[in-house]
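Written out below as structure tokens is the structure these notes cover.
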Amino acid sequence: MMNEVNLLTVTAAVFAIMMSGSGQSRTNLLLYAMQTFFIALACLAQAEAKGSPELYTVVIGIIVIKVLTVPYFLSWLANKIEARSDPGAFLPIPLTMHVSILLFALSHFLALGLPLFKGIGSVASDATGAISLLLTGMLFMLTRRFALGQIIGFLTLENGIFLFAVTQTKGMPFIIEMGILLDVLVAVMIGGLFVFRIQKSFEHIDVTQLNGLKE
Amino acid sequence: MILTSANLVFIVTLTIMPFLLIGVIKKIKACFQNRVGPPVFQSLYNLVKLFNKDEILSKDCSWIFRSGPLISFSGMLLLCLSVPWLPLQPPVPGCDIFLFVYVLALIRFFSIISSIDAGSPFSSFAASREATLSFLAEPAFVLALVALGISAHSSDLALIFGQPIENNRIPLSVWFFSGLALFLSGIVELSRMPIDDPSTHLELTMVHEAMVIENSGPNLALVEWSYALKLLLFFGLIAQCFVYSLSKIIALPPLLLPLSVLVVMLALGCLTAMIESFSVKLSWGKNPDFIAYAVSMSLLSSLAAFAMNGGS
């Protein structure tokens with residue numbers, strides 16, 4: 001039973017792990033786009049298995065907004081404010097990758113302990129991928145120095161939640177799925193605007209130094 | 001050692017393939033630079049030329065300097081005859097994972113002390129770099145092989161690799177991630193491009209090439225030959241990892257297996273040449289970041305091995 005692994009979700013989680021190992025903003029965004037693309041493919045497989053036409057629209061929405069628009073916008077932003085390479089905070093970046101592999105193992109055991117939805121395909125490995133994406137996104141947010149890294153970490157976390165929702169339920173209402181997608185787009189735009197303003201006011205986007213702001 | 005047809009294939013490929021691989025890599029790199037490039041078997045001609053040359057020794061050298069290349073060549077030859085780098089049973093049976101790793105470490109130890117023995121500051125500097133790199137890359141290499149061993153329930157390399165497809169029970173993800181980990185750590189061990197530039201002796205890039213800078217004549221020939229054998233050994237194991245993971249998706253006829261491994265080895269040579277043409281050498285401080293990816297791949301592979309082992 002354990003040999004049944006959904007390669008798409010696990011590949012998305014592996015791309016997230018590889019993303020957390022690089023400090024280059026553009027590499028991070030490229031790997032984020034790959035990871036989201038595999039999530040879109042997993043969603044497509046779900047759409048075929050469940051036979052729901054709404055999920056196909058969601059797949060198209062993911063590819064247009066999260067695979068193409070958001071990484072393109074963020075890499076434009078990274079170029080604009082010259083935040084090309086993140087030095088990392090609290091934990092060296094290669095070690096972050098190894099810790100996120102440990103979190104992947106942890107999420108495997110967590111997923112085995114969950115009362116899982118008895119649905120299509122290999123639900124346990126889908127849950128593993130989703131929880132691992134969530135934890136990797138959180139770790140990514142914690143260990144990055146630049147505010148741009150916080151946005152990418154947040155997006156990875158959101159990918160994890162979305163994947164969990166798609167694979168572990170019988171399907172959410174269409175309007176909610178599309179609403180979340182729109183929320184993500186708006187959040188990225190506002191986050192990008194904030195990063196831009198922070199850069200303009202302080203001439204850096206180092207979040208560890210923002211602690212000194214409180215009076 | 002009995003001369004069966006499998007052994008014959010093994011030995012014939014052993015004599016031709018290392019030089020072919022090096023030649024293919026050089027030829028493709030030359031194509032990318034708009035040069036004609038040396039003939040494919042140029043490294044073989046170089047070998048013959050070097051064996052006919054005189055040897056110049058520094059007056060401060062001891063027997064260690066002379067014996068280093070001999071030990072590395074004989075060790076590599078032993079490994080090439082006992083490690084199944086083609087999916088056939090090797091001529092000398094019974095090579096363990098740990099024997100493989102420790103013979104490689106022994107060879108590295110002797111090449112390091114023989115380059116220090118020559119007394120040149122260049123080669124001792126390169127020797128210290130080589131020691132650092134191998135210290136960083138070895139965990140990835142060992143862990144990838146051990147992950148395969150866990151899935152195969154054996155540490156005998158001939159039971160892991162070199163098996164017919166039917167009784168191969170290592171899962172796809174373990175093969176694939178181990179292949180990636182072996183390829184990335186192979187780049188480090190073979191001192192290829194993002195880590196070390198094999199085509200220059202410049203101060204910035206000197207690891208392997210500067211280590212052997214004092215060797216000349218037959219001694220240099222042995223060093224180059226053992227490097228070619230090491231390339232063959234690594235590429236063979238990596239190619240098998242990828243061919244086996246492919247065979248989990250597409251059914252390959254068993255007779256085609258050795259042939260497809262040879263093709264994948266040449267493809268890996270092309271890939272290496274392309275990486276060397278398009279990438280820049282990493283600065284020395286960035287090397288651990290690169291090696292971290294190799295370690296991650298082998299960690300993922302051992303994780304997959306543990307997770308899949310529980311269920312099957």
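Note that the coordinates shown come from a computational prediction; the quantities given were computed from them, not determined experimentally. First the proteins, then the strands, lettered A, B, ... as listed; each starts at 1.
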(message) Is A:Ser22 in contact with chain B via its backbone, its side chain, both, or neither, using a 4.5 Å heavy-atom distance?
(response) both
(request) Tell me, for A:Ile17 versus chain B, whether the close heavy atoms (under 4.5 Å) come from the side chain, the backbone, both or neither. (result) side chain
(message) Please check if the number of heavy atoms outside A:Phe73 that lie under 6.0 Å from its CZ is greater than 12.
(response) yes
(request) Check whether B:Leu172 gets within reach of chain A through its side chain, its backbone, both or neither, counting any heavy atom under 4.5 Å. (result) side chain
(request) Show your reasoning for whether side chain to side chain contact (heavy atoms under 4.5 Å, CB included) applies to B:Leu133 and B:Asp196. (result) CA-CA 10 Å; B:Leu133 277 182; B:Asp196 176 22; 5.6 Å; no
(message) Quick check on the interface: out of A:Ile93, A:Leu95, A:Leu102, A:Ile101, who has the most heavy-atom pairs with chain B under 4.5 Å?
(response) A:Ile101
(request) Give, for atom OG of A:Ser132 and atom CZ of A:Phe104, the distance between the pair rounded to the nearest 0.5 Å. (result) 5.0 Å
(request) Indicate yes or no: does A:Asp206 engage A:Arg145 in a salt bridge with an N to O separation below 4.0 Å. (result) yes
